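Any value given below was found using the heavy atoms of this structure, including those in side chains, with hydrogens, waters and symmetry copies removed. Treat the numbers as computed from the prediction; the structure is a model and nothing was measured.
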Amino acid sequence: MKRLISIVISLGILIILYSQIDRVGLVEIFQNCDRQWMVISLGMVIPITMITAWRLQQLMPQGTSLRFTEANRLILAASVLNMILPSKMGDIVKAYFMQQRGHLKGSLSLSLVVFEKTCDLLSLLLWCVLGLIVYPEKDLLFWTMTIGVSLGLIAGVLLLGYRQLADSFFLFCRKMASKKMGEKLKSLQISWGEMHDYFWSDKGQLLKISATSIFIWFLHLLQIWFFILALNAWTPFWVNLALSPLAILAGLLPLTFAGVGTRDTALVLLYQPYFDATTAAALGLLCTSRYFLPALGGLPFLGQYLTLARQGSKSNFFRH
């Protein structure tokens with residue numbers, strides 16, 4: 001029912017959005033696009049996926065191994081679930097697949113993926129803050145967003161760096177949450193603590209993973225800028241560093257289906273000083289392709305992992 005509601009919300013937002021734009025003009029934009037930039041921008045899905053898979057390999061503890069091909073399969077299979085589950089929760093399910101394949105025990109695999117996603121979110125916020133700082137002509141709304149994103153980045157770094165602060169935060173959230181949500185938060189707190197103990201024990205490894213995450217998100221944002229060039233539009237790159245992360249964050253809100261609708265609307269509103277709503281809608285479709293293409297490539301692998309999960313016995317993963 002929740003998934004059905006999110007699909008309905010996405011469709012409702014899209015209907016309202018596309019009723020306000022020139023749909024014939026939208027087709028013409030793609031017909032007249034710069035095909036060389038279009039191929040380059042769409043093709044960036046491949047190196048981004050491969051570098052993300054390499055990072056997953058580097059996250060594995062000593063004494064364990066994960067082949068590069070297997071890491072790519074896990075990334076692509078998780079991409080399918082990210083199209084279905086809210087807030088990219090498919091990446092969390094990836095931990096279950098890793099545990100089922102015997103790469104790691106359940107709790108450590110969840111800790112690893114939680115750390116991976118934390119680095120992703122903080123890297124996205126970092127680029128957003130840098131872009132917002134240099135963004136020209138900030139009004140009250142943009143100053144508010146700059147302060148809000150900066151505080152989010154600082155809070156995330158503090159939770160990642162200080163175990164006691166993180167424990168206090170989770171304890172507070174558990175007191176405020178329902179019993180069912182409290183149990184989930186307790187599981188997350190345990191995984192967060194294990195993650196903290198594991199990754200802070202090797203500062204060199206922590207630095208390498210953090211730098212790789214920042215570079216990966218630079219490539220994501222560069223891809224979106226290439227999309228703009230492919231549509232024969234223009235936005236200064238540093239402006240794109242501020243605006244595209246805001247649109248991505250809007251898409252992470254657990255309201256719509258795979259961020260469709262909220263992300264598109266954010267792109268139209270944020271980029272209106274630089275190009276019209278029809279071009280922004282075209283950019284929204286290309287941004288959705290960033291999630292759709294890996295998901296399409298991951299469909300065969302997801303079937304294999306789901307078959308393995310059905311064949312395996314129920315794991316303690318879901319209780320830890």
pair [X]-[Y]: side-chain heavy atoms closer than 4.5 Å:
| X | Y | result |
| --- | --- | --- |
| N240 | Y271 | yes |
| Y135 | M145 | no |
| P136 | V239 | yes |
| W192 | T118 | yes |
| L66 | L59 | no |
| L112 | M60 | yes |
| L243 | I224 | no |
| I48 | T52 | yes |

What pair of heavy atoms forms the shortest contact from [X] to [Y], and how long is it?
| X | Y | value |
| --- | --- | --- |
| L132 | K138 | O-NZ, 2.8 Å |
| L153 | L122 | CD1-O, 3.5 Å |
| Y274 | T235 | CB-OG1, 3.8 Å |
| G259 | T262 | O-OG1, 3.2 Å |
| L185 | F170 | O-CD2, 4.1 Å |
| S79 | P294 | OG-CB, 3.6 Å |

Practice task
Take I209 and C119, measure what side chain to side chain contact (heavy atoms under 4.5 Å, CB included) needs, and give me the verdict at the end.
Solution key: CA-CA 8 Å; I209 298 301; C119 285; 4.3 Å; yes
Practice task
Scan for side chain to side chain donor-acceptor pair (under 3.5 Å) pairs involving residues 218-234, sequence neighbours excluded, and state none if there are none.
Solution key: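 Listed once each, the pairs are H220-R290, Q223-R290.
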Exercise for the section: Can you tell me which residue pairs pass the side chain to side chain donor-acceptor pair (under 3.5 Å) test with a partner in residues 171-183, sequence neighbours excluded? Expected result: R174-Q189
Problem - From CA spacing to verdict: side chain to side chain contact (heavy atoms under 4.5 Å, CB included), M38, L286 - result: CA-CA 9 Å; M38 186 65 74; L286 290 176; 3.7 Å; yes
Handout entry: Atom CZ of F215: over 12 foreign heavy atoms under 6.0 Å
Key = no
Please report the interatomic distance [atom1]([X]) to [atom2]([Y]), rounded to the nearest 0.5 Å.
| X | Y | atom1 | atom2 | value |
| --- | --- | --- | --- | --- |
| I154 | L159 | CD1 | CG | 12.0 Å |
| Q57 | L74 | CD | CG | 10.5 Å |
| L171 | D167 | CG | CG | 8.5 Å |
| L231 | N32 | CG | CG | 11.0 Å |
| L56 | T212 | CG | OG1 | 12.0 Å |
| L229 | Q36 | CG | CD | 11.0 Å |

Handout entry: Aromatic ring pairing F218/F237, orientation class (parallel under 30°, perpendicular over 60°, tilted between)
Key = perpendicular
In one Ile/Leu/Val/Met/Phe/Trp/Tyr side-chain cluster, 4.5 Å: [X], [Y]:
| X | Y | value |
| --- | --- | --- |
| L219 | L241 | yes |
| W127 | I133 | yes |
| L222 | I46 | no |
| F115 | L158 | yes |
| W54 | L76 | no |

Exercise for the section: Please identify each residue that fulfils side-chain contact (heavy atoms from CB on, under 4.5 Å) with V39, with sequence neighbours left out. Expected result: none
Exercise for the section: With T265 as reference, evaluate L269, V268, L267 under the side chain to side chain contact (heavy atoms under 4.5 Å, CB included) test and give the passing residue. Expected result: L269
Completion exercise
Given the options F227, F292, F30, L285 meets side chain to side chain contact (heavy atoms under 4.5 Å, CB included) only with F30
So does [Y] get a backbone contact from the side chain of [X], meaning a donor-acceptor N/O pair under 3.5 Å?
| X | Y | result |
| --- | --- | --- |
| K208 | R55 | no |
| R35 | Q31 | yes |
| W217 | L125 | no |

Problem - Evaluation steps, side chain to side chain contact (heavy atoms under 4.5 Å, CB included), between V114 and K117 - result: CA-CA 5 Å; V114 167; K117 291 302 103 186; over 6 Å; no
Practice task
Carefully, step by step, assess T279 and D276 under the rule side chain to side chain donor-acceptor pair (under 3.5 Å).
Solution key: CA-CA 6 Å; T279 303; D276 58 35; 2.9 Å; yes
Problem - Worked verdict on V260 versus T288 for side chain to side chain contact (heavy atoms under 4.5 Å, CB included) - result: CA-CA 7 Å; V260 175; T288 299; 4.3 Å; yes
